[in-house]
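Lettering follows sequence order; numbering is per chain, from 1. Please read all numbers here as calculations on a predicted model, not as lab measurements.
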Protein chains: 2
Amino acid sequence: MFDALCPSRQALSHVTGRWAPLVLTSLTEAPMRFAALRRAVGGISDRMLSQTLQQLEADGLVIRDVQSAIPPAVQYHLSDPGQRIAMKIRELIDVVYEELPGIMAHRTTS
Amino acid sequence: MFDALCPSRQALSHVTGRWAPLVLTSLTEAPMRFAALRRAVGGISDRMLSQTLQQLEADGLVIRDVQSAIPPAVQYHLSDPGQRIAMKIRELIDVVYEELPGIMAHRTTS
DNA sequence: CGGCATCCGAATGGATACTG
DNA sequence: CAGTATCCATTCGGATGCCG
């Protein structure tokens, strides 16, 4: 992973991007549609949500279910690998949350 | 965390940036000096390593030990919160590694 | 050795408008 | 509803050079 040329670096950068962690964590709760995801992940734009989902789908972490044509109704849910990765991200987020008071305090004092 | 204005978002983005995960994971092994970190994290530039370390230090996750003046000898090591977060990142990296074959295979077939 | 300052191209990402 | 296309501002990040 510490080799710059290892493909794992690309996979990791997809997962640790700005939006992917939040999208993956949202999807651990339940399968969601586009608009629901946009609501769940505060501040994300259509463009970034679409792009993030495409990337996660390309890596096989998210599965895209097109249910009809007019009007479009598309569900997204985690694949098995996606579920495992998302769980770890959720744990990471939980730890960050626990340490948040200390982090905030440190920023003001330094 | 899903609120765009929550400060946890900023803390998370620091931890999930391109370089921070690799730096944090490197430091779980042992305290390291600047040059050693640059060697450990393949592909990182002086600028980004310096910037990443400053950010992690500002959040209180990494501690900077200046040991002498001429020549400068600076050790970096994880604080207790940093250690906890770094552990979770390491677990995440491990899972990504395990799923890597599937991810690579999925990319070529889709 | 361990950085910081500057420059500059590349990538990120938001707003808006548009489509089936 | 679920995106795509275009434009544009901001940021990222590498190369280089310099300093104590």
Side-chain angles (χ1 to χ4, degrees), chain A residues 2-5 9-24 26-27 30-59 62-77 110, chain B residues 2-6 9-24 26-27 30-59 62-78 110:
Chain A
F2 294 96
D3 182 352
L5 278 57
R9 285 281 283 267
Q10 198 177 7
L12 182 66
S13 73
H14 289 167
V15 163
T16 61
R18 175 167 174 192
W19 299 114
L22 299 171
V23 170
L24 287 172
S26 293
L27 288 174
M32 293 177 94
R33 297 178 58 175
F34 192 89
L37 273 170
R38 187 178 40 207
R39 244 172 292 119
V41 181
I44 196 171
S45 64
D46 283 1
R47 188 187 194 278
M48 282 304 107
L49 179 53
S50 174
Q51 204 167 75
T52 302
L53 285 170
Q54 282 179 25
Q55 206 153 53
L56 293 175
E57 191 195 358
D59 284 358
V62 162
I63 298 171
R64 189 169 177 271
D65 305 319
V66 180
Q67 295 173 330
S68 76
I70 305 275
V74 184
Q75 283 265 3
Y76 295 91
H77 71 268
S110 65
Chain B
F2 294 96
D3 182 352
L5 277 57
C6 179
R9 284 281 282 269
Q10 198 178 7
L12 182 66
S13 73
H14 289 168
V15 163
T16 62
R18 177 168 173 192
W19 300 114
L22 299 170
V23 169
L24 287 172
S26 293
L27 288 175
M32 294 177 92
R33 298 178 58 176
F34 191 89
L37 274 170
R38 187 176 43 205
R39 245 173 290 119
V41 181
I44 196 171
S45 66
D46 284 1
R47 188 187 195 277
M48 284 303 109
L49 178 54
S50 174
Q51 197 168 304
T52 302
L53 286 170
Q54 282 180 26
Q55 207 152 52
L56 293 174
E57 190 195 358
D59 284 0
V62 162
I63 298 171
R64 188 168 179 270
D65 306 319
V66 180
Q67 295 173 328
S68 77
I70 304 275
V74 183
Q75 283 264 5
Y76 295 92
H77 68 90
L78 295 176
S110 66

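The side chain of B/P71 approaches C/dC1 more closely than any other nucleotide in the set D/dG14, C/dG13, C/dC1. Looking at the side chain of B/M48, the nearest of the listed nucleotides C/dG2, D/dG13, D/dC7 is D/dG13. Of the listed nucleotides (C/dG3, D/dG3, D/dG14), C/dG3 has the atom at the smallest distance from the side chain of B/Y76. When distances are taken from the side chain of A/R18 to each of D/dG14, C/dC4, C/dG14, the shortest belongs to C/dG14.
Taking atom CZ of A/R47 as the reference point, atom C1' of C/dA17 lies 14 Å away to the nearest angstrom. Rounded to whole Å, atom P of C/dA17 lies 14 Å from atom CG of A/D46. Rounded to an integer number of Å, the gap from A/Q75 CD to D/dG3 C1' is 16 Å. We find that CD of B/Q67 is positioned 16 Å from C1' of C/dG3, with the value rounded to whole Å. The separation between A/R9 atom CZ and D/dG13 atom C1' is 13 Å, rounded to whole Å. For A/I44 and C/dG13, the CD1 to P distance is 9 Å, given to the nearest whole Å. Look at CZ on A/R38: it is 18 Å from P on C/dG13, rounded to the nearest Å.
Among the protein residues, A/R64 comes within range of the sugar-phosphate backbone only, with heavy atoms under 4.0 Å from sugar or phosphate atoms but none that close to a base. At a threshold of 4.0 angstrom between heavy atoms, the contacts of A/Q54 are confined to the sugar-phosphate backbone, with no base atom among them.
Residues B/T52 and B/V41 form no side-chain contact, since every pair of their non-hydrogen atoms from C-beta on lies 4.5 Å or further apart.
The 5' end of DNA chain C is approached more closely, in terms of each residue's nearest nucleotide, by B/F34 than by the other of B/F34 and A/P72.
Between B/D46 and B/R38 there is a salt bridge, since at least one side-chain N of the basic residue sits less than 4.0 Å from a carboxylate O of the acidic one.
In terms of heavy atoms, B/R9 sits closest to A/G42 at NH2-O, 3.0 Å. Residues B/F2 and A/S26 share a closest heavy-atom pair of CE2-OG, 3.4 Å.
Of the candidates B/I63, B/V62, B/L27, B/I63 is the only one forming a side chain to side chain contact (heavy atoms under 4.5 Å, CB included) with B/H77.
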